[in-house]
Amino acid sequence: FEDDMENPQSPQQRPPLLQQCCNELHQEEPLCVCPTLKGASKAVKQQGQQLQQVISRIYQTATHLPKVCNIPQVSVCPFQKTMPGPSY
Amino acid sequence: PAGPFRIPKCRKEFQQAQHLRACQQWLHKQAMQSGSG
(Lines give C-alpha, C1' and ligand atoms only; values in the text may rest on other atoms or scores of the structure.)
Protein backbone atom coordinates (compact mmCIF):
# COMPACT_ATOMS: atom_id res chain seq x y z
CA PHE A 1 0.00 0.00 0.00
CA GLU A 2 1.18 3.46 -0.80
CA ASP A 3 1.01 5.95 1.99
CA ASP A 4 0.09 9.17 0.26
CA MET A 5 -1.46 11.97 2.24
CA GLU A 6 -3.59 12.93 -0.74
CA ASN A 7 -5.19 9.51 -1.01
CA PRO A 8 -8.25 8.74 1.07
CA GLN A 9 -7.72 6.07 3.65
CA SER A 10 -10.17 3.75 5.27
CA PRO A 11 -10.68 4.37 8.99
CA GLN A 12 -8.85 1.15 9.79
CA GLN A 13 -5.76 2.38 7.97
CA ARG A 14 -5.63 5.79 9.52
CA PRO A 15 -3.31 6.56 12.40
CA PRO A 16 -5.30 7.19 15.60
CA LEU A 17 -4.51 10.90 15.61
CA LEU A 18 -5.61 11.30 12.01
CA GLN A 19 -8.78 9.37 12.78
CA GLN A 20 -9.55 11.75 15.62
CA CYS A 21 -9.00 14.65 13.25
CA CYS A 22 -11.34 13.10 10.71
CA ASN A 23 -13.97 12.64 13.39
CA GLU A 24 -13.69 16.32 14.21
CA LEU A 25 -14.04 17.30 10.58
CA HIS A 26 -17.08 15.08 10.11
CA GLN A 27 -18.78 17.00 12.90
CA GLU A 28 -18.41 20.23 10.98
CA GLU A 29 -20.85 21.62 8.49
CA PRO A 30 -19.48 20.96 4.99
CA LEU A 31 -19.36 24.69 4.35
CA CYS A 32 -17.34 25.19 7.49
CA VAL A 33 -14.76 22.45 6.98
CA CYS A 34 -12.33 24.60 5.04
CA PRO A 35 -12.68 27.73 7.20
CA THR A 36 -12.12 25.74 10.36
CA LEU A 37 -9.20 23.88 8.83
CA LYS A 38 -7.71 27.19 7.86
CA GLY A 39 -8.11 28.31 11.45
CA ALA A 40 -6.44 25.16 12.69
CA SER A 41 -3.55 25.66 10.29
CA LYS A 42 -3.15 29.22 11.44
CA ALA A 43 -3.17 28.10 15.06
CA VAL A 44 -0.43 25.56 14.40
CA LYS A 45 1.59 28.18 12.59
CA GLN A 46 1.24 30.55 15.51
CA GLN A 47 2.54 27.90 17.87
CA GLY A 48 5.98 28.82 16.69
CA GLN A 49 6.44 27.37 13.24
CA GLN A 50 8.28 30.18 11.53
CA LEU A 51 10.02 28.19 8.83
CA GLN A 52 8.46 28.84 5.44
CA GLN A 53 8.85 25.21 4.46
CA VAL A 54 7.10 24.04 7.60
CA ILE A 55 4.28 26.55 7.16
CA SER A 56 3.79 25.45 3.57
CA ARG A 57 3.68 21.85 4.70
CA ILE A 58 1.02 22.67 7.28
CA TYR A 59 -1.28 24.21 4.70
CA GLN A 60 -0.48 21.53 2.15
CA THR A 61 -1.52 18.84 4.60
CA ALA A 62 -4.64 20.74 5.61
CA THR A 63 -5.61 21.25 1.98
CA HIS A 64 -6.00 17.53 1.40
CA LEU A 65 -7.43 16.55 4.77
CA PRO A 66 -11.08 16.62 3.58
CA LYS A 67 -10.20 14.16 0.84
CA VAL A 68 -8.15 11.97 3.13
CA CYS A 69 -11.01 11.89 5.61
CA ASN A 70 -13.67 11.37 2.94
CA ILE A 71 -15.59 14.46 3.98
CA PRO A 72 -18.80 14.65 1.90
CA GLN A 73 -19.16 17.58 -0.49
CA VAL A 74 -15.60 18.67 0.18
CA SER A 75 -12.55 17.46 -1.72
CA VAL A 76 -9.81 19.95 -1.11
CA CYS A 77 -9.57 23.32 0.54
CA PRO A 78 -8.09 25.89 -1.84
CA PHE A 79 -5.85 27.60 0.66
CA GLN A 80 -3.67 30.33 -0.70
CA LYS A 81 -0.12 29.17 -0.77
CA THR A 82 2.34 31.38 0.95
CA MET A 83 4.58 32.78 -1.72
CA PRO A 84 7.79 34.40 -0.56
CA GLY A 85 8.64 37.40 -2.64
CA PRO A 86 11.95 38.14 -4.25
CA SER A 87 14.65 38.79 -1.72
CA TYR A 88 16.39 41.63 -3.44
CA PRO B 1 -43.87 33.34 8.41
CA ALA B 2 -40.70 31.72 7.24
CA GLY B 3 -37.65 33.87 7.44
CA PRO B 4 -34.88 33.97 4.90
CA PHE B 5 -32.72 30.90 4.60
CA ARG B 6 -29.61 31.37 6.61
CA ILE B 7 -26.37 29.77 5.65
CA PRO B 8 -24.88 27.75 8.51
CA LYS B 9 -22.73 30.08 10.46
CA CYS B 10 -19.15 29.02 10.72
CA ARG B 11 -17.33 29.59 13.91
CA LYS B 12 -15.58 32.82 13.18
CA GLU B 13 -14.05 33.04 16.56
CA PHE B 14 -11.73 30.12 16.28
CA GLN B 15 -10.85 28.60 19.60
CA GLN B 16 -7.42 27.27 18.95
CA ALA B 17 -7.18 25.66 22.37
CA GLN B 18 -10.15 23.39 21.83
CA HIS B 19 -11.41 23.33 18.27
CA LEU B 20 -9.98 20.73 15.89
CA ARG B 21 -7.38 19.90 18.48
CA ALA B 22 -6.56 16.54 16.93
CA CYS B 23 -6.25 18.13 13.52
CA GLN B 24 -3.86 20.71 14.88
CA GLN B 25 -1.72 17.97 16.37
CA TRP B 26 -1.83 16.03 13.13
CA LEU B 27 -0.85 19.07 11.05
CA HIS B 28 2.00 19.83 13.41
CA LYS B 29 3.19 16.23 13.32
CA GLN B 30 3.09 16.03 9.54
CA ALA B 31 4.85 19.35 9.10
CA MET B 32 7.65 18.43 11.46
CA GLN B 33 8.08 14.94 10.02
CA SER B 34 8.51 16.26 6.50
CA GLY B 35 12.02 15.80 5.35
CA SER B 36 13.80 16.49 2.14
CA GLY B 37 12.01 15.35 -0.91
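Small disclaimer: the values here were computed from a predicted structure and weren't measured.
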**Q** Hydrophobic clustering (ILVMFWY, side-chain heavy atoms < 4.5 Å, transitive) - are A/Val76 and A/Leu25 grouped together?
**A** no
**Q** Closest heavy-atom contact between A/Glu24 and B/Cys23?
**A** OE1-N, 3.3 Å
**Q** For A/Ala62 and B/Leu27, work out which heavy atoms get closest and say how close.
**A** N-CD2, 3.5 Å
**Q** Please report the shortest heavy-atom distance between B/Ala22 and A/Gln20, naming the atom on each side.
**A** CB-CB, 3.5 Å
**Q** Starting at CD of B/Gln30, measure out to SG of A/Cys21 and round the result to the nearest 0.5 Å.
**A** 10.0 Å
**Q** Can you find a heavy atom in the side chain of B/His28 that is under 4.5 Å from one in the side chain of A/Ile58?
**A** no
**Q** Under a 4.5 Å heavy-atom cut-off, does chain B meet the side chain of A/Pro15, its backbone, both or neither?
**A** side chain
**Q** Return yes if some donor-acceptor pair links the side-chain N/O of B/Gln25 with the main-chain N/O of A/Leu17 below 3.5 Å, else return no.
**A** no
**Q** How far apart are the closest heavy atoms of A/Arg57 and B/Ala31, and which atoms are they?
**A** CG-CA, 3.5 Å
